[in-house]
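It should be emphasised that the depicted structure is a prediction, and the values quoted were computed from it without experimental measurement. Residue numbers begin at 1 in each chain, while the letters A, B, ... track the order of the sequences.
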Number of protein chains: 2
Amino acid sequence: MTSSTIDRILDAAEVEFATHGFVETSLRTITTKAKVNLAAVNYHFGSKKGLIQAVTDRFLAPLTQNLQIQLTKYESSRPNGLNDEQELQHLLGLLARSCQQVVQQNQHSLAILARLINTAYSQSQGHLRKHLTQQYGASFMYFMKLLRKHMPAMTNEQFFWRFHYLLGVLVFSISSSDALLAICEREYKSVRNLDQMMADIIPVMASAAQAPTIGEI
Amino acid sequence: MTSSTIDRILDAAEVEFATHGFVETSLRTITTKAKVNLAAVNYHFGSKKGLIQAVTDRFLAPLTQNLQIQLTKYESSRPNGLNDEQELQHLLGLLARSCQQVVQQNQHSLAILARLINTAYSQSQGHLRKHLTQQYGASFMYFMKLLRKHMPAMTNEQFFWRFHYLLGVLVFSISSSDALLAICEREYKSVRNLDQMMADIIPVMASAAQAPTIGEI
DNA sequence: GGTAGTTTTAAACGTATGTTTAAAACACAC
DNA sequence: GTGTGTTTTAAACATACGTTTAAAACTACC
């Protein structure tokens, strides 16, 4: 077994990044929880930034790949006679299923992804955003293109905005899921999980996607 | 003129907090931009946390107050015969207008508010969330209660989730607005602003609010 | 004009961070 | 078994941060 060190670091970093964010977690807490020497991170990943990238790559690669496969499969054997609403629900459902499959092998991947997107869109110059789209943009572009097909009553600009409003639902829900699930359990005695939440969100996003546009925007 | 120091600190902190976040901005950059001695923050506000609270209080107090007034005014002279969709649009419009009024006097207030909510919901134990609801929860509870009235086909738990999905649209859009507006201008040669974005979002949120619920959730 | 209270200043403090270093430990082919 | 390349280790480094201190500067009142 070669270098369980790397895996132990990745596993520990994943948990910390997901629960406390990138800047808020130090290499020292990561290496301590991983039972690994502090210098190991810089030795194996070069820098903290390198570690963050490795952590995100580990699930972003499978996620985009999975999504790509699901979409092409769906496109090749798509049922006829569906209206836009149903098509949107299907597409969003595929995205949700990809997320679920990835989260099954990596419990914190979505939380990290949400943090990643949040920080990417919080810096207006957006180096991180550029890196993400260059690295993984292809699958998501394809996804957007399919969505676009079933939101025909919009200009490209209107679609751009609408898409990011939908993204907001997803990102906020996921990054707040721990808190929301806890509140839900305390306040309504209802024990739920992320999968149920995702299923809950799909029709909401579909409705939001189909909301009327305001004039010429 | 007594202590322009305090105001200069608040103004500078506001800009930095809005554009770079709370933890990412140091007291040194704030005091430098404010042309004020480093120790001034601790002298006038006690600590960095105190400064953050002062910065947020400066716009949260007017915002909640404004919202409260608008809501009670609306409730007392509400037009009859509106359906739920229209009522929701009205209520969300009032929230948007409150935001606009506050943002008019304080350009970065919404960006900071979005960051505040994001961090509040990102820590599952939620001390900040508790503080916010204790301090300013009244107005927002009232707002939620009015919203609830026009989303009758839901359980309380379903409403809880749906409300936070809507909140996600708002929070993500606002915290990403700088990036989104920049992309929009570059990609579609369309110069827009936050007000237009907010107006754009209202029907989307109203639609999302009325999306069908999944079974017994 | 002197004095008490407030504010500002420069400097230092203590701590935490990411990173580097150089020696030690290890693995494995020859 | 020796030697080479890789990995681990403990220690130190350099920097950045929030905070504190004590003296200086300022303000306002008698």
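- The closest side-chain heavy-atom distance from B/His20 to B/Thr29 is not below 4.5 Å.
- In this structure, NE2 of B/His44 is placed 6 Å from P of C/dT7, rounded to the nearest angstrom.
- For A/Leu38 and C/dT19, the CG to C1' distance is 8 Å, given to the nearest whole Å.
- The distance between atom CD of B/Glu24 and atom P of C/dA16, rounded to the nearest whole Å, is 20 Å.
- Across the protein-nucleic acid pair, B/Ile52 atom CD1 and D/dG18 atom C1' stand 12 Å apart, rounded to whole Å.
- Nearer the 5' end of DNA chain D, as judged by each residue's closest nucleotide, is the contact made by A/Asn37, out of A/Asn37 and A/Arg28.
- Backbone-only contact: A/Thr25 has heavy atoms under 4.0 Å from sugar-phosphate atoms and none from a base.
- Applying the 4.0 Å criterion to OP1 and OP2 of D/dC17, one finds that B/Ser26 has a side-chain N or O inside that range.
- Here the C1' atom of nucleotide D/dC13 and the CG atom of A/Asn42 are 13 Å apart, to the nearest Å.
- Between A/Tyr188 and B/Phe160, the angle of the ring planes lies from 30° to 60°, which puts this pair in the tilted group.
- With distances taken from any side-chain atom of A/Leu27 to the nucleotides C/dG18, D/dT8, C/dA12, the minimum falls on C/dG18.
- The CZ-C1' distance, from B/Phe45 to C/dT7, rounds to 14 Å in whole Å.
- Put simply, CZ on B/Phe140 and CG on B/Leu147 are 12.0 Å apart, with the number rounded to the nearest 0.5 Å.
- Looking at A/Arg28, its side chain never comes within 3.5 Å of a backbone N or O of A/Thr31 through a donor-acceptor pair.
- Looking at heavy-atom distances under 4.0 Å, B/Thr31 makes no contact with the nucleic acid at all.
- In this structure, A/Lys48 places its NZ atom 22 Å from P of D/dA14, rounding to the nearest Å.
- Comparing A/Tyr43 and A/Ala39 against DNA chain D, the residue whose closest nucleotide sits nearer the 5' end is A/Tyr43.
- Dashed line: the shortest gap from a side-chain N or O of B/Thr5 to OP1 or OP2 of C/dT8 is under 4.0 Å.
- In this structure the side chain of A/Phe17 reaches within 4.5 angstrom of the side chain of A/Ile30, judged on heavy atoms.
- Rounded to an integer number of Å, the gap from CZ of B/Arg8 to C1' of C/dT7 is 13 Å.
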